[in-house]
Amino acid sequence: LLYCARMARPDLCYAVNNLARWVTKWNKLCDKCLCHLFSYVQTKVAATMHAHVDTNDLDLVEIHAYPDADLAGSFDSARSTSGSFVHLSGPGTYYPLDWASKRQTATSHSTTEAELISASRVLRENLVPLMDLWAILLQRPVKGIIHEDNMSTITVIKTGYSPQLRHLAKHHRISLGLVHEMCQDPDIDVVHVETARQKCDFLTRGLDRTNHEASCPMTRVYTS
């Protein structure tokens with residue numbers, strides 16, 4: 001199921017990864033969550049991820065990244081969960097490249113701090129390497145765009161500092177400096193996106209049915 005989630009079903013990633021952390025300390029609640037997960041899979045077995053590429057867009061395509069984080073959203077830990085979704089985009093092109101749901105390795109003190117860590121991870125592990133790869137494939141610079149739904153995070157990324165974050169731990173301060181420096185590149189831009197249009201919301205926490213079903217089409221996961 002994890003292989004399925006990583007290859008074609010981002011809507012399963014958070015639930016699978018969350019249960020995987022409990023393999024060595026399984027309990028009755030995990031049994032209920034597992035039953036719920038496979039019931040969902042059974043009802044959505046026909047769901048598929050759609051992608052399309054227009055060869056006329058090869059001079060126009062860009063890479064769009066959506067980082068997000070849920071501050072201390074787990075009942076068993078104060079650490080936040082990072083989510084990311086990256087796709088190739090053009091006038092007639094939409095092709096998912098990568099997505100992830102991963103618990104952060106240290107506790108964040110604010111939503112802005114958690115969002116910065118998520119942005120740092122998607123830049124280092126996804127966006128910049130993919131920009132380099134597609135620049136080689138297309139023989140031209142490829143622009144990368146980060147879609148962030150937290151205005152405070154965007155401000156901190158662009159300025160590289162915030163008085164409210166002056167007490168950051170060393171490892172988080174490094175992440176902030178790294179994101180700021182990377183976003184000085186003219187080929188990388190940071191723009192604001194409404195929370196309702198954040199494509200990786202369901203990769204950071206479990207959503208209710210209405211919001212979850214609304215999130216799936218944003219990543220082009222359709223039941224039929």
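Residues Ile117 and Ser80 form no side-chain contact, since every pair of their non-hydrogen atoms from C-beta on lies 4.5 Å or further apart. Between Leu2 and Asn17, some side-chain heavy-atom pair lies under the 4.5 Å cut-off. With contacts defined as side-chain heavy-atom distances shorter than 4.5 Å, the pair Ser120/Leu123 does not qualify. You'll find the side chain of Thr153 stays beyond 4.5 Å of the side chain of Thr111, heavy atoms only. Side-chain atoms of Arg220 and Pro96, non-hydrogen and from C-beta on, never get closer than 4.5 Å to each other. Under the 4.5 Å side-chain criterion, counting only non-hydrogen atoms from C-beta, Lys199 is not in contact with His147. Counting heavy atoms from C-beta on, the side chains of Glu125 and Asp98 never come closer than 4.5 Å. Contact annotation: the side chain of Thr219 never approaches that of Asp11 to less than 4.5 Å [non-hydrogen atoms, C-beta and beyond].
Taking the six-membered ring where tryptophan is involved, the planes of His87 and Tyr94 are tilted, since the angle between them lies from 30° to 60°. In this pair, His50 and Tyr222 present their aromatic rings perpendicular. The plane angle is above 60°, beyond the 30 to 60° band.
Of the possible donor and acceptor atoms, none in the side chain of Asp57 sits under 3.5 Å from a partner among the backbone N and O of Leu60. Asp149 places no side-chain N or O within donor-acceptor distance of the main-chain N or O of Gln198, the cut-off being under 3.5 Å. Checking side-chain atoms of Ser118 against main-chain N and O of Ala114 turns up no donor-acceptor pair under 3.5 Å. One N or O on the side chain of Arg6 and one on the backbone of Trp99 form a donor-acceptor pair closer than 3.5 Å. A distance-only check finds no donor-acceptor pair linking the side chain of Ser89 to the backbone of Glu62 [under 3.5 Å]. Judged by distance alone, the side chain of Thr81 and the main-chain N or O of Asp70 form no donor-acceptor pair under 3.5 Å.
Cluster membership check: Ile145 does not share its hydrophobic cluster with Val193, using side-chain heavy-atom separations under 4.5 Å among Ile, Leu, Val, Met, Phe, Trp and Tyr. No continuous path of ILVMFWY side-chain contacts below 4.5 Å connects Val221 to Leu88, so the two sit in separate hydrophobic clusters. A single hydrophobic cluster is seen to contain both Ile157 and Leu178, as judged by linkage of ILVMFWY side chains at heavy-atom distances under 4.5 Å, directly or through other members. Tracing side-chain contacts under 4.5 Å through hydrophobic residues (I, L, V, M, F, W, Y), one reaches Leu207 starting from Leu203; they form part of the same cluster. Under a hydrophobic-cluster definition in which Ile, Leu, Val, Met, Phe, Trp and Tyr are linked whenever side-chain heavy atoms come within less than 4.5 Å, directly or via other members, Val128 and Val190 are assigned to the same cluster.
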Criterion side-chain contact (heavy atoms from CB on, under 4.5 Å) on Asp68 and Phe85, from CA distance to verdict | CA-CA 9 Å; Asp68 197 16; Phe85 190 86; over 6 Å; no
Start with the C-alpha gap between Val61 and Trp134, add the side-chain angles, then the distance that decides, and say whether side-chain contact (heavy atoms from CB on, under 4.5 Å) holds.
-> CA-CA 10 Å; Val61 292; Trp134 282 91; 5.6 Å; no
Can Ile146 and Leu127 be said to form a side-chain contact (heavy atoms from CB on, under 4.5 Å), step by step?
-> CA-CA 9 Å; Ile146 298 175; Leu127 186 61; 3.7 Å; yes
Are Leu133 and Val142 close enough, and set up right, to give a side-chain contact (heavy atoms from CB on, under 4.5 Å), and what steps lead you there?
-> CA-CA 9 Å; Leu133 173 63; Val142 176; over 6 Å; no
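Across Phe202 and Ser215, no two heavy atoms sit closer than the pair CD1-CB, 3.8 Å. A pairwise comparison of heavy atoms in Tyr14 and Gly206 identifies CE2-N, 3.3 Å as the closest pair. Minimum interatomic distance between Ser108 and Leu71 (heavy atoms only, all atoms of both residues): O-CD1, 3.7 Å. Taking every heavy atom of both residues into account, Thr107 and Glu113 meet most closely at O-OE2, 4.2 Å. In plain terms, the two heavy atoms of Asp201 and Thr204 that are nearest each other are O-OG1, 2.9 Å. Residues Pro141 and Ala135 share a closest heavy-atom pair of CA-CB, 4.5 Å.
Of the options Gln104, Arg121, Glu115, Lys102, a side chain to side chain donor-acceptor pair (under 3.5 Å) to Ser82 is made by Gln104 and by none of the others.
Annotation: Tyr40, atom OH; neighbour count of heavy atoms from other residues, nucleotides and ligands within 6.0 Å is above 12. For CZ of Arg140, the number of neighbouring non-hydrogen atoms (other residues, nucleotides, ligands) closer than 6.0 Å is greater than 12. Counted within 6.0 Å of NE2 on His36, heavy atoms from surrounding residues, nucleotides or ligands total 12 or fewer; the atom is thus considered open. By the neighbour-count criterion of 12 heavy atoms within 6.0 Å, atom CD of Gln42 is sparsely surrounded, having that number or fewer from other residues, nucleotides or ligands.
In this structure, CD1 on Ile188 lies 11.5 Å from CD on Glu181, to the nearest 0.5 angstrom. The distance from atom SG of Cys30 to atom NZ of Lys32, rounded to the nearest 0.5 Å, is 11.5 Å. Here Glu148 contributes atom CD and Thr112 contributes atom OG1; the two are 8.5 Å apart, rounded to the nearest 0.5 Å. One finds the OG atom of Ser39 at 9.0 Å from the CG atom of Leu34 (value rounded to the nearest 0.5 Å). The CE atom of Met182 lies 13.5 Å from the CG atom of Asp187; values are rounded to the nearest 0.5 Å. For the atom pair Leu12 CG and Phe38 CZ, the distance stands at 9.5 Å (nearest 0.5 Å).
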